[in-house]
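This report concerns only the one structure given below.
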Amino acid sequence: MRIVVASGKGGTGKTTVATSLAQVAAERDAVHFLDCDVETPDAALFLHPSLDVHREVGIRVPRVDPQACNACGTCAEICRFNAIAVVGETTLVFDDLCHGCGSCTWMCPEQAITEHLFVTGTIDSGTTPDGIAFARGLMNVGQAMGMPILRELKKRTPSPMPRSSGAPRRALEIRDAPPGASCPVVETMRGADFVLFVTEPTPFGLHDLKQVVAIAHDLGIPAGVVINRDGIGDDAVGAYCAEHDLPILLRIPMDRRIAEAIAGGRTLVEAAVDYRPKFRDLLEQILAEATV
Amino acid sequence: MNVAISIAGQTLDAPFDARFGRAESFCVVETDTGNWTIHANPALSASGGAGVLAAQLIARLGAQAVVSGAYGPKAHRTLSAAHIDCFLAPGNEARSAAEILDAFTSGRLALADSATHGGHHGD
Ligand code: SF4
Ligand code: SF4
């Protein structure tokens, strides 16, 4: 079961919800947590994993053997990203434009091209004190492309800690999506069984919610909503959800303890234990909604 | 020699376009004879690497020099590899390709030794 926690914009409490959901789930289930916000992954600040495995990831970029290359220009013509250029007798490769598609290597009539790893980021993984298998992708500064890291992150499923006692555990993967509604958000949602939207009951919240709801709808993934800072603004979000058959699974009121928890590097359910049953209930509702 | 000028139009009277990769077209002038040709910039619709694509066109057209208002690092690297000199003309006043050509032939334009801006994401 793969659950994505998403929001149209940053600062809605997405990570607060995702980390609390993960902690509550880990009480009895085997939980993988993937921080998919490769530009600013911050879930580790709340879940405190010991990140002891680091792996460099990147894309395969072409290198041209000048001896074998006859400057025919095929590679430059085939490249949709203008990442390889042939001028005169010289072939140039621009690693930061390359998407690693392999077309040039494949098409070169002289087999003058070999591929090399161009590192764009790192995947860190480890386990949290409460037994959550945690992984995050971190894009190198100055890189424009987070997608290769995201794909690797989704592929890599770290093994959760074995536990000796209790009922058989369900395998749950919780993905903390990047903010916004662009390609990385789509990639995070792809293959998921449920998307949980975290939003605020304001006109801005509603505007951003609509965009991410459209993505989940296009991908055919069932979804539900958590309204954070409930009570501020109006209930246009509520009306929108009713209209679009989006169940509101939890309302979190303005609560001083939430801000304090964030400032102290703790999750909401750690700072305010009365939220534990609510998040347990949220999880069970998600699992029920995802399997109808 | 052949010089290419980035312009926004179809004739020598067309206004100078200070952007290299995203210029509407290029005017290639044979300075000895004054003969000129106009070539649409295929990079106009490119989603990324516009400078690289435009630079390859300039190389294919056989220009030895190019005049534009700004060069990104990838455009500059591609033009340099093709041994094409990159000249700079200020783009902040409206001028025609003919005026730019005049400034070039009278030696009033400076060379851009390196990229004049850091490039754009995906450009
Ligand atoms: S396709 Fe191969 S031989 Fe042709 S220019 Fe590219 S690298 Fe050289
Ligand atoms: S691998 Fe693909 S994107 Fe990269 S240079 Fe070759 S054709 Fe272009």
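So that the names make sense, note that chain A is the first sequence line, chain B the second, and so on, each numbered from 1.
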If you count every heavy atom of other residues, nucleotides or ligands that lies below 6.0 Å from [X] atom [atom1], does the total exceed 12?
X: B:E99; atom1: CD; answer: yes
X: B:Q64; atom1: CD; answer: yes
X: A:E89; atom1: CD; answer: no

- Select one option (side chain, backbone, both, neither) describing which atoms of A:A85 are under 4.5 Å from chain B's heavy atoms.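 Backbone plus side chain of A:A85, per the 4.5 Å heavy-atom cut-off to chain B.
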- Message: Do B:K74 and A:L92 have side chains that approach each other closer than 4.5 Å (heavy atoms only, starting at C-beta)?
- Response: no
Distance-only criterion, 3.5 Å: show the donor-acceptor pairs between side-chain atoms of residues 204-221 of chain A and protein atoms not counting sequence neighbours.
none

- Task: Please report the shortest heavy-atom distance between A:N82 and B:G48, naming the atom on each side.
- Result: ND2-O, 2.8 Å
- Task: Please report the shortest heavy-atom distance between A:I84 and B:Q56, naming the atom on each side.
- Result: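 Here A:I84 and B:Q56 meet closest at O-NE2, 4.1 Å.
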- Considering only heavy atoms, give the residues of residues 77-89 of chain B separated from chain A by less than 4.5 Å, sorted numerically, with 'none' for an empty result.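 Checking residues 77-89 of chain B against chain A gives B:R77, B:T78, B:A81, B:A82.
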Side-chain donor-acceptor pairs under 3.5 Å in residues 64-80 of chain A, sequence neighbours left out?
from, atom 1, to, atom 2, distance (Å)
A:D65, OD1, A:Q67, N, 2.9
A:N70, OD1, A:C72, N, 3.2
A:N70, ND2, A:E110, OE2, 3.1

- Taking only residues two or more places apart in sequence or in another chain, which ones pass side-chain hydrogen bond (donor to acceptor under 3.5 Å, both in side chains) with A:T122?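 Partners of A:T122 under the side-chain hydrogen bond (donor to acceptor under 3.5 Å, both in side chains) test: none.
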